Each structure stands twice: as structure tokens, then as C-alpha cells.
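Written below as C-alpha cells is the structure these notes are about.
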Amino acid sequence: MQITGQLALTVVMGLFLVVIAAWLAQIEDWRSYTPIGSGGATGESGYVSKEKPAGISRWLTTVDHKDIGLLYGAYGVIAFVVGGLMIMLMRIELLDPEMTLLSNSFYNSLLTSHGITMLFLFGTPIIAAFANYLVPLLIGADDMAFPRINAIAFWLLPPGALLIWAGFFPLGDIVPAQTAWTLYTPLSAGVGGGSQANAGVDLMILGLHLTGVSATMGSINFIATILTERGEKVTWANLDIFSWTILTQSGLILFAFPLLGSALIMLLLDRNLGTTFFAIEAGGTMLWQHLFWFFGHPEVYILVLPPMGIVSYVLPRFSGRRLFGFKFVVYSTLAIGVLSYGVWAHHMFATGMDPRLRASFMAVSLAIAIPSAVKTFNWITTMWNGRVRLTTPMLFCVGFISNFILGGVTGVFLASIPVDLVLHDTYYVVGHFHYIVMGAIAFAGFAGLYYWFPMFTGRMYQRRLGKIHFWTWMIGSNITFFAMIVLGYGGMPRRYATYLPQFATFHQVATLGAVLMFIGGLVWTYNFVVSWLEGPKVQDGDPWNLREDGMYTNEWQWFENKQETALADGGDEEEAVTDGGTTEAEAEAEAED
Amino acid sequence: MAKTVFDKEMFLDLVVNFIPLFILLFFIVGYTVYNPFGIDTTFRSLQYALIVTPFIMLTILTYLSAKAIGTSERDAPVYLPGGATVDGAEPVEEHEE
Ligand code: HEM
Ligand SMILES: [Cu+2]
């Protein structure tokens with residue numbers, strides 16, 4: 001194993017270096033790089049070239065925040081499809097109690113990769129997609145504070161994904177990691193039988209490390225941008241809610257991801273160089289768990305805060321009134337940010353830690369539920385008596401709220417020690433966090449994708465298909481994840497490829513829901529691809545008729561200006577959104593939904 | 001710099017963060033009064049540190065952010081959140097809803 005393993009590793013790293021070298025060679029304009037100290041933070045947009053090269057090299061060399069946003073988006077969507085296909089295989093395997101379609105170890109591999117893919121390759125990047133595209137527009141900045149760092153942060157991700165998935169490629173005897181996404185030691189330190197000492201685990205850890213570096217660079221960039229690049233009229237008092245959540249999230253990333261990075265390095269050292277950080281007689285089994293969850297719990301809020309920002313931002317536009325209690329939402333976002341660092345050991349209640357410490361973690365976990373609940377009431381109150389327009393993005397927002405309530409309430413139960421001791425490591429936990437990560441986070445992501453689709457593409461999607469997508473997902477996710485809650489109450493342990501026959505029915509129900517979501521996913525893919533290519537062009541800068549309610553915002557204003565310039569001078573380097581076949585009135589009707 | 005930005009309205013907005021602070025305080029007092037797990041200095045002090053630290057950090061962050069927002073509100077026109085650079089944007093009135 002050593003020889004081929006190391007060989008493959010060398011090849012992968014070599015390829016990576018070649019890519020970097022090729023990329024560096026592509027940068028024509030080194031002179032234009034402006035080191036720090038060259039005057040004010042703003043007004044540097046000069047070095048973000050106006051002329052973009054054509055074709056593929058545009059995408060490889062771009063430092064434009066909008067292009068990078070689209071790259072992040074494409075990346076996140078691809079990862080989402082990969083992770084989704086992985087889970088479909090697993091759900092089909094779980095149709096019957098025995099081992100049928102997949103071997104148990106392949107199931108474990110898929111389980112590990114599904115979790116890591118969805119959290120690190122889909123979740124964090126898709127949020128960065130929105131943030132890159134929108135934050136500079138929303139705060140009136142020319143671009144991100146450090147456009148080149150922005151590009152580097154993105155380009156670290158593809159090699160990260162290749163490393164994380166390396167075990168699935170035919171690379172000698174490298175096998176995919178089977179550690180589950182939490183990488184608990186001593187298993188992940190290579191102890192015991194099975195393939196835990198295989199280089200596939202090392203590659204995955206390296207890949208994770210790269211994505212962590214990427215996220216950290218991105219977060220520094222967002223913090224600098226929001227603190228220093230705001231337009232003159234954009235003050236703390238009128239900063240939009242999405243940028244607030246990105247600012248908070250970036251702060252969380254800044255403190256959480258470097259810690260994960262350090263812990264991963266320690267793990268690599270333990271695995272390869274004979275250190276004993278996590279050996280039973282040294283750090284013991286608890287050290288890793290503390291380090292991991294000190295990162296891990298903030299990570300779940302890193303993933304949920306910006307989607308909450310999207311919902312807080314989009315929902316009022318279709319309720320015809322401003323977000324109720326805007327400042328409540330701002331302050332509670334910040335509160336979640338701080339408190340999320342004080343709850344990590346609620347993932348470890350069952351480890352036999354000192355009961356006094358456990359009690360403290362329970363206290364903070366209960367306290368953090370308040371800011372989340374406050375937001376929920378704000379969203380509901382915003383819709384109350386509002387002029388609600390049930391467009392596709394709005395439907396996804398409402399779906400978000402409903403699923404978030406279920407996920408949040410189950411979370412509060414888990415935060416109570418006696419309840420957790422019963423439900424820990426059962427499907428109840430799986431149900432809880434899927435209500436949040438899929439039911440809420442992904443739903444908010446799709447709300448954002450549909451809402452800004454006209455801006456990203458200059459075209460409109462098909463409304464009917466959007467609604468079909470929503471309903472298949474709303475029904476499908478509730479079938480699947482509710483079945484998981486029930487399975488958990490029944491005592492079905494998580495992370496198994498096989499199970500006792502009495503659990504078969506609810507596993508089959510869960511698979512049914514997953515199939516429904518799969519169908520919805522196909523509809524969505526078709527809709528977005530076809531609409532991007534040949535959907536009706538958006539005619540004006542206000543496809544959602546926000547002006548009517550006085551809810552028009554900065555990013556659409558930018559879009560409108562862009563369209564007007566495009567019309568005036570017969571199109572610029574962007575695909576011009578010039579006259580399409582549709583008339584003004586048709587476009588309006590299209591936009592109505 | 002005459003008038004403080006911490007007026008009554010500000011405190012109403014901050015209630016949202018006072019509630020979790022109060023819950024933390026509740027447990028700090030509660031664990032002092034009721035302590036079934038015996039006295040062990042290390043774990044006892046860690047137990048308090050784990051609740052007191054978030055309490056202090058949340059207080060500081062709430063204060064700083066409230067000050068930043070309050071000062072901007074006092075010194076500059078307030079537009080619709082996310083709407084400041086819209087053509088012909090007018091400042092909105094102070095109160096919300
Ligand atoms: C309302 C506040 C929340 C509370 C009180 C809460 C509580 C908990 C608790 C106690 C557990 C551990 C259960 C166990 O393993 O026995 C847990 C697991 C988990 N929660 Fe939450 N949660 C909340 C919100 C969230 C959010 C917003 C997310 C995601 C963005 C999330 C994602 C997760 C994940 C991923 C796990 C499972 C981790 C694993 O063991 O693999 N939770 N939650
Ligand atoms: Cu947690």
C-alpha cells in the first residue's frame with residue numbers, strides 16, 4: 001500500500017502544482033497589482049480590469065466578485081448533485097434490512113463523503129456564492145476588498161474536492177474514508193482493523209484542510225469588505241440583513257476554521273509521523289471530540305446564519321412590508337454568533353464527561369434557542385396581514401420557516417441532557433439536523449437562487465416548474481425527515497447499512513421521500529438549464545415589482561443600471577440583456593411569479 | 001457627542017439579547033443554589049467559566065454593536081436597509097412598524 005499510496009499522493013499534488021503554475025501564467029497584468037498602502041480602500045477598482053478575456057480564460061483569471069460568485073455557485077451546485085446522488089444510493093440500499101446493493105464498507109464511505117460534501121463542498125461554497133455576488137452590490141462597494149485573495153480562495157476548492165473524493169477514483173489501493181464526517185479518534189487515527197490507515201483518509205483530511213483555508217481567506221475578505229468598503233450612504237444603521245449575517249458568519253469562520261485546521265494537522269501527524277496527540281494514553285478519546293465540536297457547532301451556525309439572512313431579506317419583498325423588528329433580527333444574529341461558541345459539548349453529553357460541565361453546556365444551549373425563536377416570530381409577523389405573493393422564492397422561504405421550526409424544536413429537546421441520553425446516536429439526531437440543513441438551509445439557498453435568477457442570468461425561469469420543485473421538496477423532505485424522527489424514537493441507531501426488520505417500514509417511507517426530492521431535483525435542473533439558455537429575457541430592473549411597495553434595493557438598482565447601459569451603448573462585454581422577443585407586458589406578467 | 005445613543009427605544013431593541021443573558025444568569029444562580037454534584041474546585045470553576053464567558057462576551061458584543069448602530073442613526077440619514085444606493089432613495093422614519 002505504501003508505495004502506490006504515496007505515488008498517487010505525489011501525482012495528485014503534482015497535478016495540483018501544475019494547475020497553480022498554469023493559473024499563475026495566465027495572469028497577464030502583474031503590474032496592476034496594488035500592494036497595501038496605496039491610498040484609500042475605495043477607488044482601487046481600476047485594477048479590476050474592465051476588459052475580460054473571452055472564453056474559458058475569463059473564468060480562470062477572473063477577479064470580479066460577480067464572476068467568482070458564479071464560480072462558487074457552479075461549484076456548490078455540482079457538489080450538491082454529487083452528494084445527492086450518493087445519498088440516493090444509500091437510501092436505495094436502506095430499502096431492505098439486509099446488505100443487498102452496496103457492501104457495508106462502501107455504504108460507510110458514501111456516508112462519510114455525503115456528509116463532508118454537503119457541509120464543506122456545498123453548504124459553505126453556496127453561501128459564498130451569494131455573498132460574493134451580492135455583498136459588494138448591497139453595500140455599494142466596487143468589489144471585494146481583496147479581489148485576488150478572493151480568487152485564490154475559490155481556486156483552493158476544486159483541488160479540495162478532488163482530494164476529498166480521491167478514494168472513489170481508481171487510484172491504486174486508495175479507498176474512500178469511512179470515518180464519518182466527525183472523524184472521531186481513535187478510529188480516524190488509523191487504529192484498529194479495516195481501512196482506517198489507508199491513504200484515502202489522509203487525502204480526505206488534506207482536502208478538508210484546503211477547504212478550511214479557502215473559507216478562512218474568504219471570511220477575512222468579507223470582514224474587510226464590509227468594515228471598510230461600504231458606500232458613503234451605507235451605514236451600520238441601514239446595512240442590509242444579509243450582509244449582517246455574512247459579517248457574523250465570517251467572524252465565526254475566522255475563529256472556527258483555523259481550529260479545525262490545527263486539529264486536522266494533529267490528526268495527520270498522529271497518523272503519519274507517530275505523534276500521540278490523540279492516543280488513548282495521551283489526549284484520550286475526548287480531546288478530538290472537544291476540538292472537533294468547538295469547531296463543529298459554530299460550523300452549523302456558519303451554515304445557517306446566511307440562509308436566515310436570505311430569508312429575512314427575501315420574505316419581506318413578497319409580504320409587501322418591511323421586515324418586522326429588523327433590529328431584533330440583527331442583534332439576535334450577533335447573539336447566536338457569540339453563544340454558538342459556548343455549546344459545543346452538547347454533542348458529547350453521552351460521553352461521560354463531568355456532570356457539572358455538562359450542565360453548563362445545557363444552559364447555554366437553551367439560551368441560544370431564544371435568538372433563533374425570535375427570528376421565527378419576526379418572519380411570521382412580517383407575513384401577518386401582509387400582501388403575501390406566493391412566488392417560488394417566497395414558497396421556499398415559507399418552507400424554510402416551517403422546517404426550521406421542526407428542526408429547532410427537536411434541537412431544543414436534544415439540548416436537554418436527559419432527553420439526549422435517550423436519543424443520542426439515533427435517527428432522531430439525523431432527523432433533527434436534516435430538518436435544518438436540508439429543510440432550512442438548502443431551501444433558503446433555493447429561495448435565493450430563484451429570487452436572484454433574473455439578475456444572475458438576465459432571464460426568467462419557468463414558474464410552473466419552480467412550484468413543482470418546491471412542492472416535491474416540501475412534501476419529500478417532510479416525509480423523509482419525519483420518518484427519521486420516528487425511527488429515532490424507536491431506537492434505530494444512526495450510521496448503519498443494515499438494521500433490524502422492525503425498522504423496515506419507516507426506512508422505506510424515508511426512501512420514498514428521497515425519491516420525491518430526486519424527481520424535484522431533476523425538474524429544478526431542467527428548469528434552470530433550459531431557462532438559462534432560452535428563458536424569456538428580463539426587460540427591466542425590477543422583475544419582482546418591488547418599487548410598488550417601496551421595497552426596491554441596491555442590488556436590483558445595480559442590475560437596472562447595467563441593463564440601461566447595455567441598452568444604451570449596444571451591449572458591453574457582459575452578455576447584453578438587450579431586447580428579447582418578449583414585450584414589456586409579457587415580461588411583467590412573467591415576473592409576477 | 002452630547003446625547004447618549006442609549007435611549008429607551010434602544011433598550012427595547014436590545015431586549016432580544018437580554019433574554020438569553022437572563023437565562024444564563026438564571027443558570028448561574030441556579031447552579032449556585034442547587035448543586036447535586038459535590039464540590040470539586042477545578043470542575044466547579046470550569047462550570048462557572050463556561051456560562052460566565054458567553055455572558056460577558058454577549059454583553060460586550062451587544063454593547064458595541066448597539067453603539068455602532070445608534071451612532072450611525074444619530075449622525076447620518078437612515079435609509080431602508082439595503083436600499084441606500086437606490087436612485088432617489090429617501091431616508092425612512094425612525095421607528096419600524
Ligand atoms: C435551535 C438550536 C439547536 C439546538 C438546541 C441543537 C441541538 C443539538 C444537539 C443537542 C445535538 C446533538 C444530538 C446528539 O448527537 O445526541 C445536535 C446535533 C446536530 N445539530 Fe443541532 N441544534 C440546534 C440547531 C442546529 C442547527 C441550526 C443546525 C445546522 C445548521 C444543527 C445541526 C446539527 C448537526 C449537524 C448535528 C449532528 C452532528 C453529528 O452528530 O453528526 N443544529 N443539535
Ligand atoms: Cu451543536
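Just so we're on the same page: letters track the sequence lines, and every chain starts at 1. Atom set for the values below is all heavy atoms of this structure, side chains included, hydrogens, waters and symmetry mates excluded. Fair warning: this is a prediction, and the values are worked out from it, not measured in the lab.
- Both the backbone and the side chain of B:Leu50 come within less than 4.5 Å of a heavy atom of chain A.
- Interface residue B:Ala76: only side-chain heavy atoms are found under 4.5 Å from chain A.
- Scanning all heavy atoms of the two residues, the minimum distance from B:Pro81 to A:Leu239 falls at CB-O, 3.9 Å.
- Here the side chains of B:Thr85 and A:Val234 are in contact, with some heavy-atom distance below 4.5 Å.
- When all heavy atoms are compared, the tightest approach of B:Leu24 to A:Ala367 is CD2-CB, 3.9 Å.
- For the set B:Pro54, B:Gly82, B:Ser72, the entry with the most heavy-atom pairs within less than 4.5 Å of chain A is B:Gly82.
- To the nearest 0.5 angstrom, B:Ile23 atom CD1 is 4.0 Å from A:Ile370 atom CD1.
- Using a 4.5 Å cut-off between heavy atoms, B:Pro36 does not touch chain A at all.
- The CG atom of A:Leu339 lies 11.5 Å from the OG1 atom of B:Thr53; values are rounded to the nearest 0.5 Å.
- Between the side chain of A:Asn238 and the backbone N or O of B:Val78 there is no donor-acceptor pair closer than 3.5 Å.
- In this structure, A:Asn561 and B:Asp87 have side chains that are in contact, with non-hydrogen atoms separated by less than 4.5 Å.
- Note that CZ of B:Arg74 and OG1 of A:Thr235 are 12.5 Å apart. Values are rounded to the nearest 0.5 Å.
- Here the closest heavy-atom approach between residue B:Ser65 and residue A:Tyr331 is recorded as OG-CE2, 3.7 Å.
- At a 4.5 Å heavy-atom cutoff, the contact between A:Met362 and chain B is made by side-chain atoms alone.
- Annotation: maximal heavy-atom pairing with chain A below 4.5 Å, among B:Gly70, B:Ala68, B:Ala49, occurs at B:Ala68.
- Counting heavy-atom pairs under 4.5 Å between each of A:Gly337, A:Ala363, A:Gly231, A:Gly342 and chain B puts A:Ala363 at the top.
- More than 12 heavy atoms of other shown residues, nucleotides or ligands fall within 6.0 angstrom of atom OH in B:Tyr48.
- Under a 4.0 Å N-O distance rule, the pair B:Glu9/A:Lys327 does not qualify as a salt bridge.
- In terms of heavy-atom pairs under 4.5 angstrom with chain B, the leader among A:Trp556, A:Phe242, A:Trp236 is A:Trp236.
- Closest of all the heavy-atom pairs between B:Leu12 and A:Phe328 is O-CE1, 3.4 Å.
- Residue A:Met286 qualifies as enclosed at atom CE: its count of foreign heavy atoms under 6.0 Å is above 12.
- In this structure, the separation between CH2 on A:Trp244 and CD1 on B:Ile69 is 4.0 Å, given to the nearest 0.5 Å.
- Atom OG1 of residue A:Thr248 and atom CG of residue B:Leu61 lie 8.0 Å apart, to the nearest 0.5 angstrom.
- Applying the 6.0 Å contact sphere to NZ of A:Lys233 captures more than 12 heavy atoms from other residues, nucleotides or ligands.
- A heavy-atom distance below 4.5 Å is found between the side chains of A:Arg322 and B:Leu80.
- Contact annotation for A:Val330: only side-chain heavy atoms (C-beta onward) come within less than 4.5 Å of a heavy atom of chain B.
- Both the backbone and the side chain of B:Ala66 come within contact range of chain A, each with at least one heavy atom under 4.5 Å from a heavy atom of that chain.
- The part of A:Val374 that comes within reach of chain B is its side chain, from C-beta onward, which places non-hydrogen atoms under 4.5 angstrom from that chain.
- Put simply, of B:Phe43, B:Phe27, B:Phe55, B:Tyr31, the one with the most heavy-atom pairs under 4.5 Å next to chain A is B:Phe43.
- Taking CG from B:Asp13 and OG from A:Ser332, the interatomic distance works out to 11.5 Å, rounded to the nearest 0.5 Å.
- When all heavy atoms are compared, the tightest approach of B:Val86 to A:Tyr552 is CG2-O, 3.6 Å.
- Scanning both residues, B:Ala84 and A:Asn554, for their nearest heavy atoms gives N-OD1, 3.2 Å.
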